[in-house]
Amino acid sequence: MAVVAYKCPNCGAPLTFSPESQKFECSFCGAALTEEELKNIAPATGEEEKIPASQGAKDGVEVSLYICPSCGAQIVTAPTTVATSCLYCHSPVVLEGRLRGAFHPDLVIPFSFDREEAQRRFFDWVKKKRYIPKGYFESGSTEHFMGVYYPYWVLGCNSWAAYTARANQVRVWRSGRREYTETRIYKIERDGQIGFEHLTRCALTGEGNKLADSVMPFEIRKAIPFQLPYLSGFRAEMRNIEQKSIEPVFQEDVEKYAQQILDDTVQGYSSVYDQNIGVLIKDMNYKYSLFPVWAFTYQGADGKKYYYAMNGQTGKTAGVLPLDRKKLLRDCAALGTAIAGFIALLGGLFV
Amino acid sequence: MIKQALAALAASVVLFASVVPALAEGEQRVFDNADILTDREEQLLEESIADFTAEYEADLVILTERDSSVSDPELHAQDYYDEQGFGVGEERSGMILYVNMSTREVVACASGETKYTLSNQRLDYVVDAGFDQLADGNYADSFLAMIDNAASWMPRGEDPNAGNPNHYYTPVYEQREYPVVFLFAGVALGLISGGVMYKTIAKQYAAVSREATYQTQENTHLNLNRDNDVLIDTRMTSRLIQNPPSSSGGSRTRSSGFRTSSSGRSFSSSRRRF
């Protein structure tokens, strides 16, 4: 069972997951099934054929050849793809063979809203941006708008942190015509345990990695145990970064957040400096998860392409925005002039 | 009849003597100790003062000095007026114009009945009238302008606001040098603010993500074993607070009511720095 495709029990058309209804719907006859109901239906299956690297179509990369369970056509995918659609009959397929064993995800967060809603949210978001060139997002078009389940590592761990710093407390008072300044210097010491939950990093290298990280955080408390059917109708990718490779990145994250947390415990001082921290991580608990991202390209009327990603659960959008530099310069000049005028007024220029 | 004529003449002399200011003709009223006036100018001022006194029955004195030890020029002028016995009548009515070339201050004070006509507020106008010429070094013209202005108030009689500390005086004209440092500071701050705004917004638009990707408050818990803040050193410094500098270009010091000289007599006054 390398390839699976979910079929409507009424008419045999493909079933896809609907973010709107959170059910598995048939676009042909309108049937809607819950996860429980879907468990009673056996999916259509297809076989997998691996083509060695020496015979690989591109750059000597091994490719896998799958047979579409709907039309029998060959489906060629990249090594990390775990869900896609058949190029010929457009039936959604899930490459179950790639999600076995260590690659079986622990968690999934289903998409919360559909493609139309994602586009609406995107255009609402860019409308609020003052320095986007006027009409830029009305004259172009979104391309390759697709829902993709990206692989993420989610880490929970305990850590032991030791923190030292210096802090100053300054007091100023006057007596007669003399002003006194007293500076008290403190040595700050903190150590203890910090528990971390839901540290998350994208587990896929490549161009989309930065965008996939940027749409975080996901509400991981709402994640559910992974089930294959949720991928139906969407693209999905499997990880190509293993735990050992991602561990140094998580170590940096833990140290960074541990320092933030311990910095926050130092209160009541006019300045804090010379911070030092040592962190030991233990009890690491990794969960391999698939989280939803709407990924798309926007091509403006000027031909420039902008890449965006939207969190498929919360709607948070990430991506570089086009900038109307003239308008920004004009507003900056206005602010600068207003401040200069105010200071000059203080000097009695107009008195 | 001759006795009656002589009696009438004697009465006239007495009457005249009590009314006419106690001035012998040619009695000095201009004391240019700072030597800022020419002889001709002093004579011109003396004549002007004589006319003033004759018309308004009020004395008028001009005193110039170079004395940096005078810290209270109003009191100094009032004491000088008292000690020299200036003034007309029992109330010793009159005014004194005092210029100190070392401290660059001009003072006008009025005494006796004159202080009710030339109140603090009106004396401000008197000083204003001659201020420009004083600042330009035209001292004689300055004094003449002040005398003319004082003369313009005399026919109006008592100022209803005389001695009222709540009466607020609006300067006719106040010249200040503009502190150019504010202009430069304004331009510099404006450029910096505009630059910071541009860089911040441009950076936000060029960034892939603009918000935090991990919520530490929701996803972490802290259990401190050690939480020590140890005082290791205390340092103390002090500095003497300077008196605020006197601003140049004619700042005005305002007396809210009448001032009292060392002898206990009250004066209206006005003081200004030039």
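The side-chain heavy atoms of Tyr180(A) and Ser238(B), taken from C-beta on, include a pair separated by under 4.5 Å. Glu182(A) places a side-chain heavy atom less than 4.5 Å from the side chain of Thr234(B). Between Tyr131(A) and Ile201(B), some side-chain heavy-atom pair lies under the 4.5 Å cut-off. Looking only at side-chain heavy atoms (C-beta outward), Ile241(B) and Arg178(A) stay at 4.5 Å or farther from each other. Annotation: side chain of Thr220(B) is in contact with side chain of Ile261(A) (closest heavy-atom distance under 4.5 Å). Between Phe196(A) and Asn219(B) there is no side-chain heavy-atom pair separated by less than 4.5 Å. Proximity of Val320(A) to Tyr205(B): side-chain heavy atoms (C-beta onward) are nowhere separated by under 4.5 Å.
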Given the rule in the side-chain hydrogen bond (donor to acceptor under 3.5 Å, both in side chains) test, do Arg235(B) and Thr183(A) qualify, once you have shown the distances and angles that lead to the verdict?
CA-CA 5 Å; Arg235(B) 294 173 191 170; Thr183(A) 304; over 6 Å; no

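In this structure, chain B has heavy atoms under 4.5 Å from both the backbone and the side chain of Ile194(A). Interface residue Thr216(B): only side-chain heavy atoms are found under 4.5 Å from chain A. For Asn168(A), no part lies near chain B; criterion is any non-hydrogen pair under 4.5 Å. Only the side chain of Arg166(A) comes within less than 4.5 Å of a heavy atom in chain B; its backbone stays farther off. Within the 4.5 angstrom heavy-atom criterion, only side-chain atoms of Leu262(A), from C-beta onward, approach chain B. At a 4.5 Å heavy-atom cutoff, Ala188(B) makes no contact with chain A through either its backbone or its side chain. Interface remark: Gln260(A) contributes side-chain atoms only to the contact with chain B (heavy atom separation under 4.5 Å). Thr181(A) touches chain B through backbone and side chain together, each having a heavy atom under 4.5 Å away. For chain B, the nearby part of Tyr269(A) is the side chain; its heavy atoms alone come within less than 4.5 Å.
Checked for salt-bridge contact, Arg184(A) and Asp229(B) miss the test: no charged N lies under 4.0 Å from a carboxylate O.
The neighbour count for Phe123(A) CZ, taken as heavy atoms of other residues, nucleotides or ligands under 6.0 Å away, is above 12. Under a cut-off of 6.0 angstrom, the local environment of NZ in Lys127(A) is sparse, with at most 12 non-hydrogen atoms contributed by other residues, nucleotides or ligands. Glu252(A) CD: 12 or fewer foreign heavy atoms inside a 6.0 Å radius. In this structure, Phe184(B) places its CZ atom where only 12 or fewer heavy-atom neighbours from other residues, nucleotides or ligands lie under 6.0 Å away.
Of the residues considered (Asp191(A), Leu335(A), Ile132(A)), Asp191(A) shows the highest number of contacts with chain B, using heavy-atom pairs under 4.5 Å. Note on Ile339(A), Ile185(A), Val266(A): by heavy-atom pairs under 4.5 Å with chain B, the leading option is Ile185(A). Contact tally against chain B (heavy-atom pairs below 4.5 Å) for Val170(A), Ile188(A), Leu328(A), Leu323(A): the top residue is Leu328(A). Ranking Phe218(A), Tyr186(A), Tyr163(A), Phe342(A) against chain B, the residue ahead of the rest is Tyr186(A), based on heavy-atom pairs under 4.5 Å. Between chain B and the options Lys210(A), Arg174(A), His198(A), Glu179(A), heavy-atom pairs under 4.5 Å are most frequent for Glu179(A). Among Leu211(A), Leu199(A), Asn158(A), the residue with the largest count of heavy-atom pairs under 4.5 Å with chain B is Leu199(A).
A distance of 7.0 Å separates CZ in Arg171(A) from CE in Met236(B), rounded to the nearest 0.5 Å. Between atom CD of residue Glu219(A) and atom CD of residue Gln215(B) there is a gap of 10.0 Å, rounded to the nearest 0.5 Å. Taking CD from Glu189(A) and CG from Asp227(B), the interatomic distance works out to 10.0 Å, rounded to the nearest 0.5 Å. Separation of atoms CZ (Arg226(B)) and OG1 (Thr164(A)) is listed at 9.0 Å; rounding is to 0.5 Å. With rounding to the nearest 0.5 Å, the separation of OG1 in Thr265(A) from CG in Leu222(B) is 7.0 Å.
Looking at Arg325(A) and Tyr198(B), their side chains do bring a donor and an acceptor atom within 3.5 Å of each other.
Summarising the geometry of Glu218(B) relative to Arg221(A), their closest heavy-atom pair is O-NH2, 2.9 Å, with the distance given to 0.1 Å. What you find for Asn225(B) and Trp160(A) is that their closest heavy atoms are ND2-NE1, 4.2 Å.
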